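Letters A, B, ... are given to chains in the order of the sequence lines, protein chains preceding strands, and every chain is numbered from 1. Fair warning: this is a prediction, and the values are worked out from it, not measured in the lab.
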Amino acid sequence: MTSSAITAEGLRKRYGDVQAVDGVSFEVEAGEFYGILGPNGAGKTTTLEIVEGLREPDEGTARLLGELSWPRNTALLRRIGVQLQASAFFEKLTAREQIRTFASFYDVSDERADAMLESVGLTDKADVQDDKLSGGQAQRLSIACALVHDPELVFLDEPTTGLDPQARRNLWDLLRRINSEGRTVVLTTHYMDEAETLCDRVAVMDNGKILRVGPPRELISDLGVDSLEDVFLELTGREYRE
Amino acid sequence: MRTLRSLSKVMYLGMVRDKSAVFFMLLFPLMFLLLFGALFQSEGGTRVTVAQVGDVEVLDQLGDDQLGALDETLRIERAGDRDRALEDVRQGDVDAAIWEVDGEIELYVSASDPARSGTVNGIVNGLVQEANVAATGQEPTYRITAGQVEDESLKAIQFFTPGLLGWAVAMGASFMSALTLVAWRKKRLLRRLWLAPIGPGQVIGARVGVSLGLSMVQLAVFLGVAIIPFYGLRLTGNWWLSIPLIACGTLAFMAVGLVIGAWAKTEESANGALQITILPMAFLSGSFFPTDGMPGWLQTVSHVLPLKWLNEAMMSVLSRGGGWSDALPAMGVLLLFAAVLTAIAAKLFRWDSA
């Protein structure tokens with residue numbers, strides 16, 4: 001076993017005429033906070049789905065914690081946590097019931113599930129049904145559900161989309177804490193300030209390829225611009241995407 | 001095991017906390033049973049009413065016991081005059097008008113309902129012949145004893161209970177599996193479950209378990225209501241065969257739901273597709289009224305419908321004294337439906353709604 005949490009090599013995936021992922025390779029170190037950035041349709045989501053083991057790549061391999069993520073490997077699934085874009089909750093269940101249900105999939109006790117709920121500050125919302133939670137509360141619950149089995153590697157897909165600034169800052173603290181507890185975190189986001197503050201390294205993607213990888217500060221100075229947002233626009237252009 | 005239990009709990013809570021689901025799966029069909037059962041309760045089928053004008057000796061001489069015996073089929077009303085009585089026949093308020101002129105009995109019926117007119121004719125004719133024989137002072141040479149092959153209590157409820165129950169089970173099983181599939185796909189729960197260390201068998205097992213549970217509750221509630229004396233359902237010997245029959249029916253309709261759920265992108269379109277599948281099928285399968293009057297080709301069509309098989313077999317075992325020989329072919333057909341439709345659903349299956 002190597003020290004890298006993720007090793008992706010030569011990933012390719014085609015949907016009909018569209019080459020969604022076109023030869024993506026990257027490595028994420030254990031304990032790293034890694035960001036994947038790119039405009040809509042750049043291939044971020046498909047890349048992440050291949051890496052997580054949701055889709056089979058046409059070409060290439062993805063290893064998580066040293067094991068292939070495809071075909072489905074339940075032993076590996078116990079060691080990773082995934083928060084999907086938009087909250088994947090069971091209908092009509094309260095916050096406590098949601099997290100206890102996810103806990104049961106991993107043989108995690110109800111007590112541990114309740115403690116997880118506490119740690120994201122949702123104890124007072126435990127008896128509220130999923131559709132009555134605010135955007136920030138739903139995101140925190142969704143992250144808690146992804147973390148309930150204490151995974152070594154966590155994927156978060158646009159966790160702060162649609163949140164107000166308070167909720168966003170609040171969530172940043174949570175994400176930092178998750179990372180400082182020794183977990184590897186992979187994050188996708190459209191907010192460059194978020195990536196700049198949180199990520200140790202970021203990969204900028206477009207047209208199914210990785211254009212640049214590095215620590216945000218390094219990318220900024222390499223390109224001689226002021227912020228990660230400028231780096232992003234410099235690399236991916238200014239025209240509208242879908 | 002814990003996963004299976006918690007998934008079952010999730011599906012159970014998702015169902016019972018959805019007020020409209022509880023209403024449509026359980027209460028709505030039950031309301032039909034309560035209503036139909038009450039509405040058609042007095043329907044002996046062919047009780048006819050005759051308006052009598054003046055004295056009619058054949059009718060007047062009937063003793064109380066004879067009138068009592070006739071009461072099931074014939075009711076006699078007094079009418080003031082002939083015009084009034086004829087008008088009542090025209091309006092359909094009574095089935096016939098009768099009066100006597102010097103030993104000649106005149107009977108007027110309406111042509112609008114030949115069946116009832118025939119019944120009136122037959123009864124009155126019978127009474128007249130009996131009176132004629134009695135007038136000769138001889139013992140009649142021939143007598144007739146009539147019997148019925150069905151349970152004598154084959155009332156409306158004996159028909160409505162299996163039919164409406166079949167409809168209720170078909171709705172419950174198909175809606176639950178279709179909506180779970182569509183909602184879980186839309187909310188990306190299918191993806192999320194793929195990323196949890198659980199097997200597809202646990203998800204499917206929980207869904208089948210909860211749906212079977214719902215069907216058994218429907219069966220128990222329907223039979224429980226129908227056998228109270230007010231409705232008066234009488235169960236025949238092998239009624240317990242309805243349990244495996246309903247189980248097979250549940251599987252068949254869950255498979256219907258799976259096909260629609262695999263095809264539909266939204267809950268709304270799944271809902272619509274289910275309605276236009278299940279409701280016409282319920283009509284053609286005799287859930288609401290007997291299909292004997294349907295044209296032959298429609299009856300042929302109805303025999304390829306799983307609900308028809310379920311309803312017929314249910315009626316057989318619940319109220320016609322049917323046994324394994326009626327239940328087994330239906331179970332076989334329903335399970336075959338389940339297998340074929342599930343295979344189709346597997347072909348259509350998608351992880352994402354996009």
Side-chain angles (χ1 to χ4, degrees), chain A residues 15 20 45-46 48-49 51-56 64 69-94 96-110 113 129-132 138 142 145-146 148-149 151 153-155 157, chain B residues 1-23 25 175-207 210 261 266-268 270-271 349-354:
Chain A
Y15 295 118
T45 302
T46 308
L48 217 53
E49 283 177 346
V51 171
E52 290 161 355
L54 280 174
R55 294 182 195 277
E56 185 180 12
L64 303 181
S69 65
W70 187 275
R72 191 166 181 256
N73 173 350
T74 48
L76 175 61
L77 292 177
R78 289 181 181 280
R79 301 172 63 195
I80 68 169
V82 178
Q83 186 234 1
L84 296 171
Q85 212 178 80
S87 322
F89 293 130
F90 295 102
E91 58 271 45
K92 307 276 174 199
L93 292 201
T94 65
R96 185 188 288 119
E97 287 163 344
Q98 303 278 3
I99 195 161
R100 284 186 176 186
T101 302
F102 282 106
S104 76
F105 298 160
Y106 298 88
D107 273 322
V108 169
S109 70
D110 287 350
Q129 286 187 15
D130 64 308
D131 51 349
K132 304 276 192 312
S142 150
C145 289
V148 71
H149 54 294
L153 172 57
V154 187
F155 294 92
D157 199 358
Chain B
M1 199 57 217
R2 196 166 153 228
T3 299
L4 186 68
R5 218 172 47 230
S6 72
L7 278 172
S8 304
K9 189 179 158 201
V10 160
M11 292 175 192
Y12 169 74
L13 289 177
M15 176 177 71
V16 297
R17 286 184 187 165
D18 186 346
K19 298 285 179 293
S20 71
V22 172
F23 178 77
M25 301 308 140
F175 273 74
M176 285 287 134
S177 68
L179 295 183
T180 303
L181 185 51
V182 174
W184 285 20
R185 181 172 54 225
K186 236 175 83 176
K187 295 183 144 194
R188 310 207 79 208
L189 266 166
L190 288 179
R191 285 295 193 193
R192 186 62 188 79
L193 293 177
W194 169 273
L195 290 173
I198 61 176
Q202 289 166 311
V203 182
I204 296 165
R207 185 63 270 171
V210 172
T266 63
E267 281 102 329
E268 288 75 20
N271 208 341
F349 180 82
R350 287 162 295 151
W351 282 98
D352 299 290
S353 43

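For Q98(A), no part lies under 4.5 angstrom from a heavy atom of chain B. For W184(B), the part sitting under 4.5 Å from any heavy atom of chain A is the side chain, from C-beta outward, and nothing else. Looking at L193(B), the atoms closer than 4.5 Å to chain A (heavy atoms on both sides) sit in the backbone and in the side chain alike. Contact annotation for A196(B): both backbone and side-chain heavy atoms come within less than 4.5 Å of a heavy atom of chain A.
Put simply, of L54(A), T74(A), I80(A), D107(A), the one with the most heavy-atom pairs under 4.5 Å next to chain B is L54(A). Between chain B and the residues T101(A), N73(A), L93(A), the most heavy-atom pairs under 4.5 angstrom are made by L93(A).
A donor-acceptor contact under 3.5 angstrom links the side chains of Q83(A) and S142(A), judged on distance only. Looking at S177(B) and R207(B), their side chains never bring a donor and an acceptor atom within 3.5 Å of each other. In this model, a donor atom of one side chain and an acceptor atom of the other lie less than 3.5 Å apart for E97(A) and T94(A).
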Intermediate values then yes/no, side-chain hydrogen bond (donor to acceptor under 3.5 Å, both in side chains), R100(A) and S6(B): CA-CA 9 Å; R100(A) 284 186 176 186; S6(B) 72; over 6 Å; no
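At least one cation-pi condition fails for R185(B) and W351(B): the charged atom is not both under 6.0 angstrom from the six-membered ring centre and inside a 45 degree cone around its axis.
Within residues 15-22 of chain B, the residues approaching chain A closer than 4.5 Å by heavy atoms are, in numerical order, R17(B), D18(B).
Shortest non-hydrogen contact noted between V108(A) and R2(B) is O-NH2, 2.9 Å.
By the 4.5 Å heavy-atom criterion applied to side chains, Y106(A) and L77(A) are not counted as neighbours.
Atom CZ of F349(B) sits in a crowded spot, with more than 12 heavy atoms from other residues, nucleotides or ligands closer than 6.0 Å.
Ring pair F105(A)/F90(A) is perpendicular by interplanar angle, where above 60° counts as perpendicular and below 30° as parallel.
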